[in-house]
Amino acid sequence: MTVIKPFAALRPQQRVVHLVAALPYDVYSREEARHEVEGKPLSFLNIDRPETQFAPEIDLYADCVYEKAAELLQARKEDKTLIQEETPCYYLYALTMNGRTQTGIAGCFAIDDYLSSVIKKHEKTRAEKEADRIRHVSACSAQTGPIFLACRSSETLRRLIDAGTKQAPLYDFCSEDGIRHRVWKIEADGSKMAIQKALEELPAVYIADGHHRAASAVKAGLQKRAQNPHHTGEEEYNFVLSVLFPEEELRILPYHRVVKDLNGLTAAQFFDAVSASFVIRQTGKEPYEPSEKGTFGMYLDGMWYCLAAKKEIRSDDPVEGLDVSILQNNLLAPILGIGDPRTDRRIDFVGGIRGVRELERRAQTDMKLAFSMYPTSISELLAVADAGRLMPPKSTWFEPKLRSGILIHEI
C-alpha cells in the first residue's frame, strides 16, 4: 500500500506566483544561480540557493548560508508573499511544454514507504550532495522542492485527475521558458478520500527525478524523529513533498556526455579501438542525434559520426542493456579510462534541453570529445527499479521540470 497524504501547503499568493516559482536548485551552477536571481528578490531560488546572497568567496556550506535560507523563508512568510493553507489538500499540477501536457497529484509520501522500498529508486546518491540538502531542510524546517514521482497507468487516477482539472485553477501562469504551469486545489473531503484510496491501491511508486532531495528529506525527518521523545508517526516530518505522474505522460530527454581528452590515444588509435565494438559512420558537420536505441552520435575535431553498437555488446539485461551502460562499458571505461563517471573529472554531462549545439561548443572549448545519446525510456526506468537495480549516473533528464516554491511542505 502506498501512503501519499494531503497536506496544508505554504504557497505563494496568486498575484506573485510567477515571480516566486523557480527551477530546481540543482540545475544551476553557482555562477548561473547568482545571475538568475539578479533583480528577482521574490524568486524562490534565493531561498533554495542562499549562497547567491553572499560574495563568491564565501564557503557554499558555511553555517551563515543555511541561516540565510531560513531568514529569507521567514521574511516571505511575514510579508505575505507566502501564505499558509488552512486545511490539508491535494493539488493537481499540470505543466504544458510545446503543446504537450502532463498532470500530476501533489501530496506527501511516507518516509517509511521510502525506507521499505515501496517508493522505488533507480539512482545512487552521493553523501556530500545529501548533506547539503539535509542542512537546508533542517534550517528551513521545510521541504522546498517536490520529488518527481511516477506510477504505472491507473484509469482510476486518470478519471480523478480529469475531474479535478475541470474547476478553475488556483494558479495559471507561464514561466520565462514558455512552459505553462497550472495548479488546482482539491479540498472537498469526498474528492480527497477518493484520491487517497486510489493512491493506496498503487502497487509501487517510483522516483523519477529528485533522488538526492528525497534521500535528504528522509534523513532530515529521521533526525527529527530521533530528537522527539513523543514521536507518534503522524508529524509532518514523517512525510515528503512530491508530485506523482502517470508513466504515459512523462517525457525523458537524453543526457549527453562530453570528455576532456582521448586518454593519450591518437585519433587513429581511438577510432581503431572504438571500431571493435561499434560500427562507425561519418555523418558530416551537422549535429547527429540518434533516432533509435543502440546508436550514438560522436563529435570529434569538427566532425560528427554515428556509432552503432554491434550485436555482441547489446543486452536484454535491464541495466546492461541501457544505452548509457553500453557506452560506459564498451567505450568510456575501456578506451577512455573513465572508470567511475560519478567522480572522474574528465567527463561531464549535458542535459538534453541544452541541445546538441552545446556539445559542439563544449568540445571546442573546455572538452575534446562529445557523445549525443538516445533517451532512456520510462519503461526502461521502471524495469530497472522493479528489478531492484540502479542506473548509471546521469541516465535520464526529465523535462519539463517541476518548479520549486509553488508548494512548500513545512515540517
Side-chain angles (χ1 to χ4, degrees), residues 7 9-12 19-82 84 108 111 114 124-147 210-231 235-242 342-343 345 402-411:
F7 70 109
L10 179 67
R11 58 179 182 82
L19 301 175
V20 174
L23 282 166
Y25 74 95
D26 53 358
V27 305
Y28 297 106
S29 68
R30 184 171 188 173
E31 184 55 36
E32 287 171 340
R34 175 182 293 276
H35 176 74
E36 182 64 24
V37 301
E38 289 177 359
K40 299 176 181 177
L42 297 186
S43 171
F44 205 79
L45 192 61
N46 291 286
I47 296 169
D48 259 354
R49 295 292 294 270
E51 78 277 7
T52 57
Q53 312 301 303
F54 297 90
E57 60 269 18
I58 296 296
D59 182 4
L60 274 170
Y61 309 117
D63 289 345
C64 61
V65 172
Y66 299 97
E67 291 165 0
K68 176 60 72 173
E71 174 190 319
L72 289 173
L73 182 60
Q74 183 62 31
R76 298 292 77 79
K77 291 163 67 175
E78 290 177 356
D79 67 15
K80 304 300 183 185
T81 296
L82 300 175
Q84 181 68 56
C108 293
I111 281 178
Y114 178 95
K124 186 177 180 181
T125 55
R126 293 169 57 178
E128 69 274 16
K129 293 180 70 174
E130 284 184 22
D132 166 53
R133 285 300 107 174
I134 291 170
R135 292 181 68 187
H136 191 275
V137 170
S138 298
C140 294
S141 290
Q143 299 152 0
T144 59
I147 313 307
H211 282 78
H212 285 93
R213 285 193 295 275
S216 303
V218 168
K219 290 181 179 179
L222 292 175
Q223 288 178 356
K224 285 188 173 288
R225 280 186 183 183
Q227 295 163 0
N228 182 4
H230 305 294
H231 167 78
E235 298 89 353
E236 288 300 322
Y237 58 71
N238 292 290
F239 302 90
V240 179
L241 178 64
S242 60
R342 284 188 177 85
T343 58
R345 294 178 180 271
L402 302 177
R403 267 31 180 198
S404 297
I406 297 178
L407 300 169
I408 302 157
H409 180 223
E410 293 194 295
I411 60 171

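Just so it is clear, the values below take in all heavy atoms, side chains as well, and ignore hydrogens, waters and symmetry mates.
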What residue among E410, E236, K224 forms side chain to side chain contact (heavy atoms under 4.5 Å, CB included) with S141?
K224
Going from CD on E235 to CD1 on I411, what distance comes out if it is rounded to the nearest 0.5 angstrom?
11.0 Å
Test side-chain contact (heavy atoms from CB on, under 4.5 Å) applied to S29 - qualifying residues, sequence neighbours left out:
E31, E32
Just jot down the ring-ring contact (aromatic ring centres under 6.0 Å, His included) partners of H212, sequence neighbours excluded, or say none.
none
Backbone of F239 reached by a side-chain donor or acceptor of Q143 within 3.5 Å:
yes
To the nearest 0.5 Å, tell me how far R34 CZ sits from L45 CG.
11.5 Å
Return each pair, listed once, that meets side chain to side chain donor-acceptor pair (under 3.5 Å) where at least one residue sits in residues 214-223; pairs must be two or more places apart or across chains.
E130-K219
Of the non-hydrogen atoms in L407 and L241, which two are nearest, and what is the gap between them?
O-CD2, 3.2 Å
Nearest 0.5 Å please: distance from the OG atom of S43 over to the CG atom of D48.
8.5 Å
Spatial distance of atom OG1 (T81) from atom CG (L19) [nearest 0.5 Å]:
9.0 Å
Going through the checks in order, is the side chain to side chain contact (heavy atoms under 4.5 Å, CB included) test met by R225 and I111?
CA-CA 11 Å; R225 280 186 183 183; I111 281 178; 4.0 Å; yes
So does R213 get a backbone contact from the side chain of R133, meaning a donor-acceptor N/O pair under 3.5 Å?
no
If the test is side chain to side chain donor-acceptor pair (under 3.5 Å), which one of H409, Q227, H231 qualifies with Y237?
H231
Where is the tightest heavy-atom contact between R30 and A55, given as atom of each residue plus distance?
NH2-O, 3.5 Å
Checking H35 now: which residues fulfil side-chain contact (heavy atoms from CB on, under 4.5 Å) with it, not counting sequence neighbours?
E38
So, do E67 and E71 sit near enough that their side-chain heavy atoms are less than 4.5 Å apart?
no
Is the closest basic N to carboxylate O distance between D132 and R135 below 4.0 Å?
no
How many angstroms lie between atom CD1 of I47 and atom NZ of K68, to the nearest 0.5 angstrom?
11.0 Å
Should the pair Y66 and H136 be assigned to parallel (<30°), tilted (30 to 60°) or perpendicular (>60°) ring geometry?
perpendicular
Ignoring hydrogens, what is the shortest heavy-atom contact between Y114 and A214? Give both atom names and the distance.
CE1-CB, 4.0 Å
Among T144, L23, L72, which residue meets the side chain to side chain contact (heavy atoms under 4.5 Å, CB included) test with F44?
T144
Please report the interatomic distance CZ(R76) to CG(L82), rounded to the nearest 0.5 Å.
8.0 Å
Using the test side-chain contact (heavy atoms from CB on, under 4.5 Å), find all partners of A70 that sit at least two apart in sequence or belong to another chain.
none
Minimum side-chain heavy-atom gap D59-V65 below 4.5 Å
no
Apply side-chain contact (heavy atoms from CB on, under 4.5 Å) to R345 and list each qualifying residue two or more places apart in sequence or on a separate chain.
none
